[in-house]
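For ligands, and for the atoms within them, numbers begin at 1 and follow the listed sequence. Nothing here was measured: the structure is a model prediction, and the numbers come from that model. Starting from 1, each residue takes its place in the sequence as its number.
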Amino acid sequence: MAAIPALFTSPPSIRDALTTHTSDSQDETVKVCQPFLSGQEPGTRNAYGIPHLSRDRHIKFLQTQLGELPGAFKAMDPGRPWIFYWCLAALTLLGEDVVSYRERLIRTVRPMQNEGGGFAGGFGQDSHLATTYAIVLSLALVGGDDAFEVVDRKSMWRWLGSLKQPNGGFQMAVGGEEDVRGAYCAAVIISLLNIPLDLPTDSAAYSAGHTDLLSGLGEWISRCQTYEGGVSAKPGTEAHGAYAFCALGCLSILDSPHRAVPRYLDVPRLISWISSRQNAPEGGFSGRTNKLVDGCYCHWVGGCWPLIQASLGGLQEGPKAEDVNNDAAAEEAGDHSLFSREGMIRYILCCCQDTSKRGGLRDKPSAYSDAYHTCYVLSGLSSVQHKWTLNVARTDPSVERTDKWSVSPFKEGGQQVFDEEDRIRTTHPVFVIPQQKAEDMLSYFSAKTGF
Ligand code: FPP
Ligand code: K
Ligand code: ZN
């Protein structure tokens, strides 16, 4: 077995002498992670001292999560739509076919749609952007015309118009909080459902001079970048990784990332902040300054990298078929990363897996696995195992909502610390569902004129 680099097994070599509650929790986290990182925990490891992916256990865990709540797929609890998305997305990443859930999903989410547009978490509740986002993505994951037809696009358009604010941003619900989650969820929904952009004339944003659902949104996001370089929920609050992802995802829908991201964000300062989120020896990411690593940030922070890379790199030719397994070609193409892929892979496979019978993935070794972390740790794993390249930028951003991306296995200097059997499926860097599923939904709705 190759030696595990000291970077991932030893305490950090530079430390602040001041002891605080924060430094104590950080020390404690390193202590909790160290045995998992350095191979002292039982279990088979590969040549790099990294455990394999417990694929079957994670699949069983997700199946249980989908079915376990009383009256499987009954729509009562406002968080249910998230469970659908997290489990269906994670099962898909693990290579499972989720089409068999189509009928159950359709039956369950249909009553969650309100006549006034959008979906609520439960029957009789108000529509919410997060719930609607989770349901639209879930419908895309199971796919098929019957699933797509569940959505009432006309009332969705009216409802989105009522969430759009005079300052360009989106409220999460009518009268609710306006934040960058709203900007991202709305942009994803508008894009995948091909919602006409003309603002309903009774929208408050229309009265303020906007004519378009997406106008002023980039400017609003711009106001969320903080003095640290990261992105906050709304102007004037603390930067957090989840919001950096939402901002980059939203901007990549407004226009191609190499145009939209530098137009609205100070990219060098954002890169500096995102880079500072990766910790050693843990290898994972924190969500904000002076906080702890957490597996879900492998997506919220780790998932920023492909979008940053696309913002910097501009258009590139797709990988040639003969180059995909050619390390020399990959190296020549400049496959170097702005972060430690190895560190991220080590954190995920060593620290985030519950390898007991329970299965599932988690925040850190001291936490229980759950559907949310399983989804986002796996999304991060997929992202770090692959390379996404922006091939063709849209020519008319006012009509087209996406670009053409290609994906290939990531090779860095020929070294890959995980085994091929532990590679999982790809997920689109903006929509966080497989590219084909996003394209199927988009082309279904693009074929419609008007509603
Ligand atoms: C802090 O939690 C977490 C936040 C401030 C952001 C939460 C938002 C998301 C996870 C994603 C939202 C995105 C969409 C698309 C709805 P904490 O204080 O428990 O964690 P921390 O110590 O790691 O910051
Ligand atoms: K956390
Ligand atoms: Zn978490």
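Side chains of Ser38 and Gln40: a donor-acceptor N/O pair is present below 3.5 angstrom, by distance only. Counting only N and O atoms by type, the side chains of Tyr444 and Glu149 include a donor and acceptor under 3.5 Å apart. Checked by atom type, the side-chain pair Arg423/Gln416 shows a donor-acceptor distance below 3.5 Å. For the residue pair Asp363/His373, the side-chain donor-acceptor check at 3.5 Å is not satisfied.
Shown in contact with Tyr372 at under 4.0 Å from a heavy atom are these atoms of ligand 1, numbered in order with element: 10 (C). Here is the list of ligand 1 atoms found below 4.0 Å of a heavy atom in Lys291: 22 (O). Close approach of ligand 1 to Ala242 is summarised as follows: ligand atoms under 4.0 Å from at least one heavy atom of the residue are 8 (C), 9 (C), 10 (C), 11 (C). Close contacts of ligand 1 with Tyr297, meaning ligand atoms under 4.0 Å from a residue heavy atom, involve 20 (O), 21 (P), 23 (O), 24 (O).
The closest approach between Tyr243 and ligand 1 falls below 4.0 Å for a heavy atom of the residue.
Here Phe285 has no heavy atoms under 4.0 Å from ligand 1, in either its backbone or its side chain. Only the side chain of Trp300 comes within contact range of ligand 1, with a heavy atom under 4.0 Å; no backbone atom does. Using a 4.0 Å cut-off between heavy atoms, Cys246 contacts ligand 1 through its side chain alone, with no backbone atom that close. Residue contacts with ligand 1 for Tyr376 are absent, since no atom lies close enough (heavy atoms, distance under 4.0 Å).
Among Arg181, Glu238, Arg288, the residue whose heavy atom sits closest to atom 14 (C) of ligand 1 is Arg181.
Glu282 pairs with exactly one of Arg346, Gln26, Gln34 by the side-chain hydrogen bond (donor to acceptor under 3.5 Å, both in side chains) rule, that one being Gln26. Looking at Val174, Asp152, Asn114 one by one, the single match for side chain to side chain contact (heavy atoms under 4.5 Å, CB included) with Trp159 turns out to be Val174.
Among the atoms of His240, some N or O lies under 3.5 angstrom from an N or O of ligand 1.
Between the side chain of Thr64 and the main chain of Lys60, a donor-acceptor pair closer than 3.5 Å is present.
Tyr133 and Tyr184 have their aromatic ring centers within a separation under 6.0 angstrom.
Of all N/O/S atoms in Asp294, OD2 sits nearest the Zn ion (ligand 3).
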